[in-house]
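The structure appears right after this line, and notes come after that.
Positions are given from 1 along the sequence. Only this structure's heavy atoms are used, side chains among them; waters, hydrogens and symmetry mates stay out. Both counts, for ligands and for their atoms, begin at 1 and track the order of listing.
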Amino acid sequence: MKIHEFQAKELFEQYAIPTVRGKICKDQDSAAIAYSEIKPKAAVIKAQVLTGGRGKAGGVKIANNEDEVRQKTKEILGMNIKGNIVNKVMIVPAYPIKRECYLGMTIDRNKRCVVVITSKAGGVEIEEIAAFAPQKINRYLIDASIGIPDFKARNIALSLFDEMDQVKQTARVIQNMYRLMLEKDASLIEINPLIEDDKGIIIALDGKMTFDDNALFKHPDIAHLAELSDEEIKENEAKTKGFSYIQLTGSIGCMVNGAGLAMATLDLIKLYGGDPANFLDIGGSSNPQKVIEAMQLLTSDPKVKVILINIFGGITRCDDVANGLLAAFKQIKISVPIVIRLTGTNEDEGNKIIADSGFIRSEDMTQAIQKAVELSKI
Ligand code: GDP
Ligand code: MN
């Protein structure tokens, strides 16, 4: 789970990581009010979206007076940054920057430990530095049984600053970040840029954090920060109905029983040149209500041009599934073609039941999928 910059900075403050907090504004008027506490100094207006690279996209702007604050807030609100629409900005006092660098912490999955990443080339995205100047990136693996003692923290900080004053400040930032990482089960903390201001003070000007979803139950304070995307809201709804559902970007709506078969179905769709609209495992039940709910889920996605039902009857009997489908389709109207493959226990009985239903039937999985791909391209 990702959180916004302003939320990350609240956590930084709780963990004594020096940062600049601002006011969150959703319109020009509140931005102007926020600026009244900053003026006559300059302010930075920052888009609050759950993605990086805001600066480059024009989502971070400096304003020198109230008119500029209003104008730039207007420009940034509504902006689309990598698919995220900006609906709030943070107004912060602008800091004079003497040096910008990068300080990040994440999990090294191969080494199974936390890794601290530093670079003097801060400001731009770390992915770019990694691609074009990998020698400018330093990595420090942290032994979990030792943590980051003072000498190690200073050693890491020395990769960013030369003067002892800044090294000591940065060492504390690193130790506090590590505490934050462990105590809140974060999987990433990124400060880019970490700056030295004109008075020699070290400050986190930006903050990005990601948390381990599987640990969120331990941290209600973090879990409640979640801002769900439309996609995640739909996926959670599906979860409450007992489905495992993941929205994808294609046009073939899939309803499959069993996660393994569902994955194989998606693989075959791709193999035959199609694009799945979702992953949906309806589990072992043939309950008509479940089929209705699954169909409603699939048809609520306007991208879906064809529905592919792939059922392998094991414990679930095909005739039960067929009856469930018929009952379901009496209750809901579907305007897209439906391709169905029903095999396994009691398949003859099952296929007889849906013989006159108007579904496009196929006993062969490959044929069914090829047919669905073909129909998705019309
Ligand atoms: P990102 O592009 O999403 O990572 O957003 P950042 O918060 O890192 O902002 C992008 C860039 O804007 C930074 O690298 C800085 O160069 C600049 N910036 C952000 N805040 C300030 C500030 O308070 N003062 C100054 N002078 N520049 C800032
Ligand atoms: Mn940044």
Side-chain angles (χ1 to χ4, degrees), residues 2-13 17-25 31 34-35 37-66 68-69 72-73 75-106 116-133 136-137 160-161 170 173 177 186 188-210 227:
K2 286 182 186 172
I3 58 172
H4 285 292
E5 175 191 6
F6 74 93
Q7 297 168 322
K9 285 181 167 176
E10 273 169 36
L11 286 165
F12 287 179
E13 219 163 57
I17 297 167
T19 187
V20 210
R21 293 239 334 248
K23 287 237 156 60
I24 294 297
C25 304
Y35 181 66
E37 290 173 23
I38 296 172
K39 78 178 176 192
K41 286 201 339 193
V44 184
I45 301 158
K46 309 184 77 174
Q48 296 299 293
V49 278
L50 298 174
T51 181
R54 296 165 305 166
K56 233 195 282 165
V60 178
K61 289 188 157 72
I62 293 191
N64 294 300
N65 53 52
E66 190 184 312
E68 281 184 25
V69 168
K72 291 181 176 171
T73 300
E75 281 168 31
I76 295 175
L77 286 172
M79 207 177 245
N80 182 332
I81 302 181
K82 297 184 189 166
N84 301 271
I85 307 293
V86 182
N87 59 25
K88 50 183 169 294
V89 295
M90 181 165 65
I91 313 278
V92 284
Y95 263 74
I97 300 176
K98 195 159 125 199
R99 296 233 358 242
E100 287 190 276
C101 43
Y102 177 97
L103 174 60
M105 218 173 258
T106 186
V116 182
I117 302 167
T118 68
S119 178
K120 282 185 173 173
V124 275
E125 283 174 272
I126 196 71
E127 289 80 3
E128 262 175 44
I129 315 170
F132 299 109
K136 291 189 179 166
I137 296 183
L160 296 176
F161 296 99
T170 305
V173 170
M177 265 170 98
L188 171 85
I189 308 179
E190 199 179 66
I191 302 178
N192 186 25
L194 178 77
I195 64 142
E196 178 188 345
D197 78 357
D198 56 347
K199 298 189 185 72
I201 309 287
I202 299 297
I203 303 165
L205 266 206
D206 188 12
K208 288 195 173 51
M209 283 191 77
T210 309
E227 195 173 280

Counting from 1, what ligand 1 atoms have a heavy atom of [X] closer than 4.0 Å?
X: Gly123; answer: 14 (O)
X: Gly55; answer: 1 (P), 2 (O), 3 (O)
X: Val44; answer: 20 (N), 21 (C), 22 (C), 23 (O), 24 (N)
X: Glu100; answer: 13 (C), 14 (O), 15 (C), 16 (O)
X: Lys208; answer: 3 (O), 4 (O)
X: Arg54; answer: 1 (P), 2 (O), 3 (O), 5 (O), 6 (P), 7 (O)
X: Ala94; answer: 23 (O)

Distance to 0.1 Å, residue and atom name: give those for the protein heavy atom nearest to [atom].
atom: atom 24 (N) of ligand 1; value: Tyr95 O, 3.0 Å
atom: atom 4 (O) of ligand 1; value: Asp206 OD2, 3.0 Å
atom: atom 11 (C) of ligand 1; value: Val60 CG1, 4.6 Å

Please report the C-alpha distance between Leu11 and Ile3 in whole Å, then the side-chain angles of each, then the deciding distance to 0.1 Å, and finally whether the side chain to side chain contact (heavy atoms under 4.5 Å, CB included) criterion is met.
CA-CA 11 Å; Leu11 286 165; Ile3 58 172; 3.9 Å; yes
When you measure from the side chain of Lys72 to the backbone N and O of Ile62, does any donor-acceptor pair fall under 3.5 Å?
yes
Checking Lys2 side chain against Val49 main chain: does a donor-acceptor pair fall under 3.5 Å?
no
Taking C-beta and beyond as the side chain, do Arg54 and Gln48 meet within less than 4.5 Å on heavy atoms?
yes
Would you check whether [X] has a nitrogen or oxygen atom less than 3.5 angstrom from a nitrogen or oxygen atom of ligand 1?
X: Lys46; answer: yes
X: Lys56; answer: no
X: Glu5; answer: no

Under 2.8 Å from the Mn ion (ligand 2), can any N, O or S atom of Asp206 be found?
yes
With Ile191, the side-chain contact (heavy atoms from CB on, under 4.5 Å) member among Thr19, Asp206, Val173, Leu205
Val173
Can you check atom 15 (C) of ligand 1: any protein non-hydrogen atom closer than 4.0 Å?
yes
Below 4.0 angstrom, counting only protein heavy atoms, does anything approach atom 21 (C) of ligand 1?
yes
Separation between CE of Met209 and CZ of Phe12, rounded to the nearest 0.5 Å:
6.5 Å
Give a yes/no verdict on whether any heavy atom in Val92 is under 4.0 Å from an atom of ligand 1.
no
With Tyr102, which residues qualify under side-chain hydrogen bond (donor to acceptor under 3.5 Å, both in side chains), at least two apart?
Glu190
Output yes when Lys9 and Glu13 qualify as a salt bridge under the 4.0 Å nitrogen-oxygen rule, no when they do not.
no
